[in-house]
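Step one of this worksheet: look at the structure below.
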Amino acid sequence: MEEFDYYIFIDFSENLIGYNIIEHDKIIVLLPKISRFRHYKEVRNKKIYLKNIKKTIKRENIKSYFLKFGIKELYKNIDTYADVLKFIKKHENCIIFISVDNRQYKAFNKLVGFVDGKRVVVKKESELVEGTPEYQASLVLDNLLNIERLKQ
């Protein structure tokens with residue numbers, strides 16, 4: 001696993017956008033707690049799966065591992081991008097990994113280039129390799145978005 005100071009995940013689910021930021025040390029502690037997480041679209045019995053994931057998120061206090069976390073309606077995506085870019089600018093001496101939804105990758109990567117292009121690694125969600133810490137951590141946001149989407 002490449003050493004990053006922070007990991008940022010940005011994802012979409014229908015009319016919602018979400019992001020979370022987690023420190024390197026906390027991602028290592030979080031990984032065993034989320035080992036059962038899967039991509040929602042790959043799950044057969046979605047209702048039971050989400051019910052169990054909701055319990056895990058609550059029991060393990062998963063959201064407490066995030067430095068920043070947010071889910072907003074899609075039309076507020078500029079707010080999410082602004083939060084992330086501010087974070088990058090504020091932590092200019094850190095190496096940061098960002099995973100972003102495939103459809104938003106090109107535009108978001110250009111935005112990051114205006115703030116910094118050398119110490120920030122931006123990857124498409126589809127480039128994450130199954131079984132890696134980055135892939136597993138991205139599933140937390142995927143599941144949180146689906147839980148929120150189904151609440152509405």
Side-chain angles (χ1 to χ4, degrees), residues 1-43 46 49-50 53 56-57 60-150:
M1 176 165 127
E2 192 173 336
E3 291 282 324
F4 293 100
D5 298 308
Y6 296 98
Y7 295 82
I8 301 174
F9 299 93
I10 303 170
D11 202 359
F12 297 84
S13 182
E14 289 181 19
N15 63 334
L16 297 173
I17 180 172
Y19 79 102
N20 61 27
I21 301 173
I22 186 167
E23 295 175 72
H24 173 66
D25 295 342
K26 296 222 176 165
I27 204 169
I28 293 168
V29 177
L30 177 66
L31 288 172
K33 299 174 187 295
I34 58 172
S35 62
R36 292 183 21 224
F37 283 35
R38 304 282 174 259
H39 261 294
Y40 181 72
K41 63 184 175 209
E42 297 171 358
V43 177
K46 294 177 181 349
Y49 172 76
L50 274 188
I53 291 304
T56 301
I57 289 169
E60 300 293 342
N61 202 7
I62 299 295
K63 291 180 186 176
S64 71
Y65 289 89
F66 302 129
L67 201 56
K68 290 190 111 194
F69 167 78
I71 293 178
K72 299 176 182 178
E73 293 170 327
L74 187 55
Y75 72 88
K76 295 181 179 178
N77 68 340
I78 198 71
D79 294 342
T80 297
Y81 290 166
D83 287 350
V84 171
L85 293 173
K86 259 190 256 173
F87 182 86
I88 292 169
K89 191 83 174 138
K90 185 178 175 187
H91 295 83
E92 56 190 27
N93 296 324
C94 299
I95 302 168
I96 300 172
F97 174 88
I98 301 175
S99 166
V100 67
D101 188 84
N102 291 11
R103 292 169 290 181
Q104 300 297 319
Y105 172 79
K106 196 172 181 178
F108 185 78
N109 204 21
K110 282 182 187 177
L111 281 174
V112 169
F114 291 122
V115 179
D116 186 293
K118 296 179 183 82
R119 60 186 177 72
V120 177
V121 175
V122 181
K123 288 206 173 193
K124 294 178 187 174
E125 189 177 15
S126 65
E127 292 177 328
L128 299 179
V129 179
E130 197 168 335
T132 61
E134 292 87 359
Y135 177 86
Q136 200 63 32
S138 76
L139 296 177
V140 175
L141 183 57
D142 179 67
N143 283 291
L144 287 168
L145 279 166
N146 284 301
I147 289 167
E148 187 64 31
R149 180 177 55 82
L150 293 172

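Numbering starts at 1 and runs along the sequence shown. All heavy atoms count here, side chains included; hydrogens, waters and symmetry mates do not.
- Using bins of under 30°, 30° to 60° and over 60° for the plane-to-plane angle, the ring pair His91/Tyr6 lands in the perpendicular bin.
- Separating the CZ atom in Phe87 from the CD1 atom in Ile21 is a distance of 4.5 Å, to the nearest 0.5 Å.
- Around atom NZ of Lys46, more than 12 heavy atoms belonging to other residues, nucleotides or ligands sit under 6.0 Å away.
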Next on the checklist: For Asp142 and Phe37: C-alpha separation, side-chain torsions, deciding distance, then whether side chain to side chain contact (heavy atoms under 4.5 Å, CB included) applies.
Outcome noted: CA-CA 9 Å; Asp142 179 67; Phe37 283 35; over 6 Å; no
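- Atoms CD and CD1, on Glu73 and Ile17 in that order, are 12.0 Å from each other to the nearest 0.5 Å.
- Pro133 and Leu31 get closest at one heavy-atom pair: CB-CD1, 3.6 Å.
- Between Tyr40 and Tyr49, the ring planes lie tilted relative to each other; the angle falls in the 30° to 60° range.
- When all heavy atoms of Thr56 and Arg36 are compared, the pair lying nearest together is OG1-NH1, 3.9 Å.
- The aromatic rings of Tyr7 and Phe9 lie parallel to each other, their planes meeting at an angle below 30°, with 60° marking the opposite boundary.
- When only modelled atom types and interatomic distance are considered, Asn20 and Tyr65 share no side-chain donor-acceptor pair under 3.5 Å.
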Checklist entry - Are Arg119 and Ile88 close enough, and set up right, to give a side chain to side chain contact (heavy atoms under 4.5 Å, CB included), and what steps lead you there? => result CA-CA 10 Å; Arg119 60 186 177 72; Ile88 292 169; 3.6 Å; yes
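- Ring pair Phe97/His24: centre-to-centre distance not below 6.0 Å.
- Under the 4.5 Å side-chain criterion, counting only non-hydrogen atoms from C-beta, Leu139 is in contact with Gln136.
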Next on the checklist: Applying side chain to side chain contact (heavy atoms under 4.5 Å, CB included) to Leu50 and Asn143, what does each step give before you reach the verdict?
Outcome noted: CA-CA 8 Å; Leu50 274 188; Asn143 283 291; 4.1 Å; yes
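- Scanning both residues, Leu145 and Ser13, for their nearest heavy atoms gives CB-CB, 3.8 Å.
- For the pair His39 and Tyr135, the minimum side-chain heavy-atom distance is below 4.5 Å.
- Side-chain contact between Ile27 and Phe4: absent, with no pair of heavy atoms (C-beta onward) separated by less than 4.5 Å.
- Note that CG of Leu144 is 4.0 Å distant from CD1 of Ile57, once rounded to the nearest 0.5 Å.
- Of the possible polar contacts, none joining the Asp11 side chain to the Leu141 backbone as a donor-acceptor pair under 3.5 Å is found.
- Separating the CD atom in Glu134 from the CD atom in Glu125 is a distance of 13.0 Å, to the nearest 0.5 Å.
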Item to check | CA sep, side-chain torsions, deciding dist, call: Leu85, Val112, side chain to side chain contact (heavy atoms under 4.5 Å, CB included) | outcome: CA-CA 7 Å; Leu85 293 173; Val112 169; 4.2 Å; yes
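- Here the OG-CG distance, from Ser126 to Asn102, works out to 3.5 Å after rounding to the nearest 0.5 Å.
- Between the side chains of Tyr105 and Glu127, not a single donor N or O lies within less than 3.5 Å of an accepting N or O.
- Interatomic distance, Asn77 CG to Leu16 CG, rounded to the nearest 0.5 Å: 12.0 Å.
- Closest non-hydrogen pair, Asp5 versus Cys94, comes out as OD2-CA, 3.1 Å.
- When every heavy atom of Glu23 is checked against every heavy atom of Leu67, the shortest pair comes out as OE2-CD1, 3.8 Å.
- Minimum heavy-atom separation, Lys72 to Thr80: CD-OG1, 3.9 Å.
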